[in-house]
There are 2 protein chains.
Amino acid sequence: MHKKQIKLSDLAEELGISTATVSRALKNYPDISAETKQKVIALANKWNYRPNSLAASLRNKETHIIGVIIPEVVNHFFAKVIKGIMEVAYDAGYRVMLCQSNEDYDKEVDDAHALLSSRVDGLLASLANHTRTFEHFYDFMDSGTPVVFFDKTSPEIKDCSKVIIDDYSGAYQAVESLIQQGCKRIAHLQGPGNAHTFQNRLRGYLTALKDYQLPVDPDLIIECPEFTLNRGRLSAHQLVALPKGVDGLFAVTDLLAIGAMKGFREKGIQVPEEVAIIGFSNWEMVEAVFPPLSSVSQPGYEMGRQATQILLKEIKASKNEEDITHETVTLATELVVRGSSKSV
Amino acid sequence: MHKKQIKLSDLAEELGISTATVSRALKNYPDISAETKQKVIALANKWNYRPNSLAASLRNKETHIIGVIIPEVVNHFFAKVIKGIMEVAYDAGYRVMLCQSNEDYDKEVDDAHALLSSRVDGLLASLANHTRTFEHFYDFMDSGTPVVFFDKTSPEIKDCSKVIIDDYSGAYQAVESLIQQGCKRIAHLQGPGNAHTFQNRLRGYLTALKDYQLPVDPDLIIECPEFTLNRGRLSAHQLVALPKGVDGLFAVTDLLAIGAMKGFREKGIQVPEEVAIIGFSNWEMVEAVFPPLSSVSQPGYEMGRQATQILLKEIKASKNEEDITHETVTLATELVVRGSSKSV
DNA sequence: AAGGATCACGAAATCGTTTTCGGAGCTAAA
DNA sequence: TTTAGCTCCGAAAACGATTTCGTGATCCTT
């Protein structure tokens, strides 16, 4: 049973003044006497008054809430992004409504509509792997609510800011490093769908091979529908079984790389002596496996922070009716070489 | 610049009917003619009408939002809890406002106040390690807003439901298993603060030793202020340096255990031959390290689901003015033995 | 033809805050 | 003494959706 929450008029009645005065006293307006302010604040504390932000938001047309749509929460990279988002948001007095699309386009649309109904002040979004239409995001932009995409986005979306990482270069560097240490048959464990991040990593792989005049063997490119250790393990088995074998591997994500490492070991293949492996994301656990996994760093925390900073800037500009210039920030990656491959 | 969002009165005006009728038509009330309903729905779709849930919530005194306070987002266990929460909430038509206390008591209080101001319909919370007073939660209960604690809670908090893990038994089983495979000097890497979960794991460790007449050596119990690989690694070094050595280790969490494994290896100690190791949480990565880490399973996803189900049940009861009976659900743990210790 | 039931809708209050106008009372300047 | 300028506060109108009463039709019954 919901007991009554204290409201402004309760305070006003008790003190024999109007709600207007109470409201202004609590917000420290200049034209309220010090004496009144003090009385109001004292009573508000005593009665544990918590303003109803629904009413305030309705009146002010701003909620101080930002919506976040993310494909998957149980993912070390996205978790770090969320942390970055929440810290910057909190410091600016904003709260976060989090939605997980679960890599499901329909749910993504549904979440977007709900956040629009909630009148969030801005939206941060990362696309599901199979999202191809963007009307649910255009709805935000049309209503004047800033949207910033991070990580998984699409070049088709115009007129809005983005924070991405340089997947292409990261992948290129990784594969180049494998080539320079003598690998001739380099496999790639590829991500699912047409997500641009994964496509860019694939492109980096292909371009590196081409630049060094290595042939592209379709047998060496395996699309992994989900990112699990086991999927990486099975892919390694598949590669070992190839007539021409394999001597290097670049995986679209660390979990697959580690799984593959395990799969190779099961088949008696030495890492890095017989197969050199490089992953992508550089999350903490890569140092824990043996040999430690070389990986391309993917700065999730920084991505979350920057995306939120840009969003807050646009929210502010939007409020002041200034015009906003959208920007695309590309965060650099870095190849961190460890025991699973050789430094060159 | 915020362009105007369509509202009920816009639709009403266009159709030459009242907002009351529009509202009822959209909600499929029985006393609106089929013809009118259809016209309203058609226009709402055409104009992309999104109801302002602030206004609706203000009027209805329910937001369909549940608040979540969690110590840390970048944590595999909590990430799974969040996933469980969000799925159950979504299926019931609820949204989630997520707050991360960052293991900071003051921020926890601040978050609680903000969620109260947002008039969330219910709260799910897990305590920060150093939280000792609970007024900020009692505020919710006093106002009639259901609260359910999960994982990190306190027996001091009465009259509310909880979903916890049987940390004590899990720890006991782990240590018992080490004893049964012959370990005599078993170390424990302990969690920080007075968090009850960690205390219970410590208690399981101590009781197992006592039950098997093994002495408790304070040198073998190391409190780890943070959960990082490196902290585990350094703790292992510290243990190796003990005059009497160490032949078993139970860590309060997997990350520390894996770090310790690395630390032992660096000192030339064989796992599990010279030191057997068991962790806690059983997250996916334990299978990736070598040797695979034995660990106590900690069902985070299930915890999130159950906590949310209980909360929704209490919200419903509260709405119907039924009285609610609080419950404490204890989820079972299970020792999963892998290569880092022997099965007995 | 009168009474009652049913149908389809509208007027207006309501949720709790914020803010735009003021307006009363007082002081100081002319 | 009038006027202007302060200081401090209140009345009331928003914000947008929901819902409680109604009310005017229409149809059926007798």
Side-chain angles (χ1 to χ4, degrees), chain A residues 2-40 44 47-65 114 116-121 143-144 319, chain B residues 2-41 43-44 47-65 114 116-121 143-144 319:
Chain A
H2 261 266
K3 295 168 202 100
K4 215 185 60 199
Q5 298 257 46
I6 303 294
K7 50 191 170 185
L8 272 188
S9 57
D10 296 327
L11 300 178
E13 194 177 0
E14 173 77 8
L15 294 171
I17 56 181
S18 74
T19 63
T21 303
V22 176
S23 174
R24 282 183 283 226
L26 290 172
K27 297 195 122 56
N28 202 23
Y29 273 48
D31 59 348
I32 300 292
S33 72
E35 187 194 6
T36 305
K37 274 183 194 170
Q38 185 238 305
K39 279 198 302 190
V40 169
W47 283 5
N48 228 329
Y49 169 69
R50 303 279 160 222
N52 183 326
S53 41
L54 294 172
S57 295
L58 178 60
R59 165 72 216 220
N60 293 335
K61 291 176 168 301
E62 56 174 351
T63 54
H64 280 261
I65 296 174
L116 199 48
S117 264
S118 293
R119 299 296 190 263
V120 294
D121 289 346
S143 78
K319 203 160 59 179
Chain B
H2 260 265
K3 295 170 203 97
K4 216 185 58 200
Q5 298 258 45
I6 304 294
K7 49 191 172 188
L8 272 190
S9 56
D10 295 328
L11 301 179
E13 195 178 358
E14 172 77 8
L15 294 171
I17 56 183
S18 74
T19 63
T21 303
V22 177
S23 173
R24 283 183 281 226
L26 290 173
K27 298 194 119 56
N28 202 24
Y29 273 48
D31 59 348
I32 300 292
S33 72
E35 187 194 6
T36 305
K37 273 182 192 168
Q38 186 239 306
K39 278 197 304 189
V40 169
I41 292 171
L43 186 65
W47 282 6
N48 230 327
Y49 168 69
R50 302 280 160 222
N52 183 327
S53 41
L54 295 172
S57 296
L58 178 60
R59 164 74 216 226
N60 293 335
K61 291 178 168 300
E62 56 174 352
T63 53
H64 279 261
I65 297 174
L116 199 48
S117 263
S118 294
R119 298 298 190 265
V120 293
D121 289 348
S143 78
K319 202 160 60 178

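Nothing here was measured: the structure is a model prediction, and the numbers come from that model. First the proteins, then the strands, lettered A, B, ... as listed; each starts at 1. Note: hydrogens, waters and symmetry copies are ignored here, and every other heavy atom, side chains too, is used.
Comparing B/K37 and A/T19 by the nucleotide of DNA chain C that holds the closest heavy atom to each, the one mapping nearer the 5' end is B/K37.
Among the nucleotides C/dG10, C/dT17, C/dG16, the one closest to any side-chain atom of B/L58 is C/dG16. Distance from the side chain of A/N60 is smallest for C/dT18 among the nucleotides C/dT18, D/dG16, C/dC9. Picking from C/dC15, C/dT18, D/dA11 the nucleotide with the shortest atom distance to the side chain of B/R59 gives C/dC15.
Considering only side-chain N and O atoms, A/K61 lies nowhere under 4.0 angstrom from the phosphate OP1 or OP2 of C/dT18. For the pair A/T36 and D/dC9, the criterion of a side-chain N or O lying under 4.0 Å from OP1 or OP2 is met. Checking the phosphate oxygens (OP1, OP2) of D/dC9, no side-chain nitrogen or oxygen of A/S18 falls inside 4.0 Å. Regarding contacts with the backbone of C/dG10, a side-chain N or O of B/T21 is found under 4.0 angstrom from either OP1 or OP2. The phosphate of D/dC8 has neither OP1 nor OP2 within less than 4.0 Å of any side-chain N or O from A/S33. Listed pair A/Y29 / C/dT19 meets the phosphate criterion, a side-chain N or O lying under 4.0 Å from OP1 or OP2. For A/K7 and C/dT17, the shortest distance from a side-chain N or O to OP1 or OP2 is not below 4.0 Å.
In terms of polar N and O atoms assigned as donor or acceptor, the side chain of B/R24 comes within less than 3.5 Å of the base of C/dG10 in a complementary pairing.
What separates CD1 of B/I32 from P of D/dT18 is a distance of 13 Å, to the nearest Å. A straight line from OH of B/Y49 to C1' of D/dT18 spans 10 Å, rounded to a whole angstrom. The nearest whole Å value for the distance from the CZ atom in A/R50 to the P atom in C/dC15 is 22 Å. A/L8 has its CG atom 13 Å from the C1' atom of C/dC15, to the nearest Å. In this structure, A/L11 places its CG atom 13 Å from P of C/dG16, rounding to the nearest Å. Summarising the geometry, the separation between CG on B/D31 and P on C/dG10 is reported as 11 Å, rounded to the nearest angstrom. Atom P of nucleotide C/dG23 and atom CD1 of A/I17 are separated by 21 Å, given to the nearest angstrom. Across the protein-nucleic acid pair, A/E13 atom CD and D/dG10 atom C1' stand 16 Å apart, rounded to whole Å.
The heavy-atom pair separating A/R119 from B/I6 by the smallest distance is NH2-O, 4.3 Å. A/V120 and A/T63 make their closest contact through CA-OG1, 3.6 Å (heavy atoms, listed as atom of the first residue, atom of the second, distance). Of all the heavy atoms in A/Y49 and A/L26, the pair that sits closest is CE2-CD1, 3.6 Å.
Counting any heavy atom pair closer than 4.0 Å across all strands shown, A/A56 reaches sugar-phosphate atoms only and no base atom. Within 4.0 Å of B/N52, counting heavy atoms only, lie sugar-phosphate atoms of the nucleic acid but no base atom. The residue B/L54 sits apart from the nucleic acid: no heavy atom pair falls under 4.0 Å.
Taking 4.5 Å as the limit, every side-chain heavy atom of B/V40 sits out of range of all side-chain heavy atoms of B/I32. In this structure, the side chains of B/K319 and B/D121 stay at 4.5 Å or more apart for every pair of heavy atoms.
How far OG of B/S53 is from CG of A/L58: 10.5 Å, rounded to the nearest 0.5 Å.
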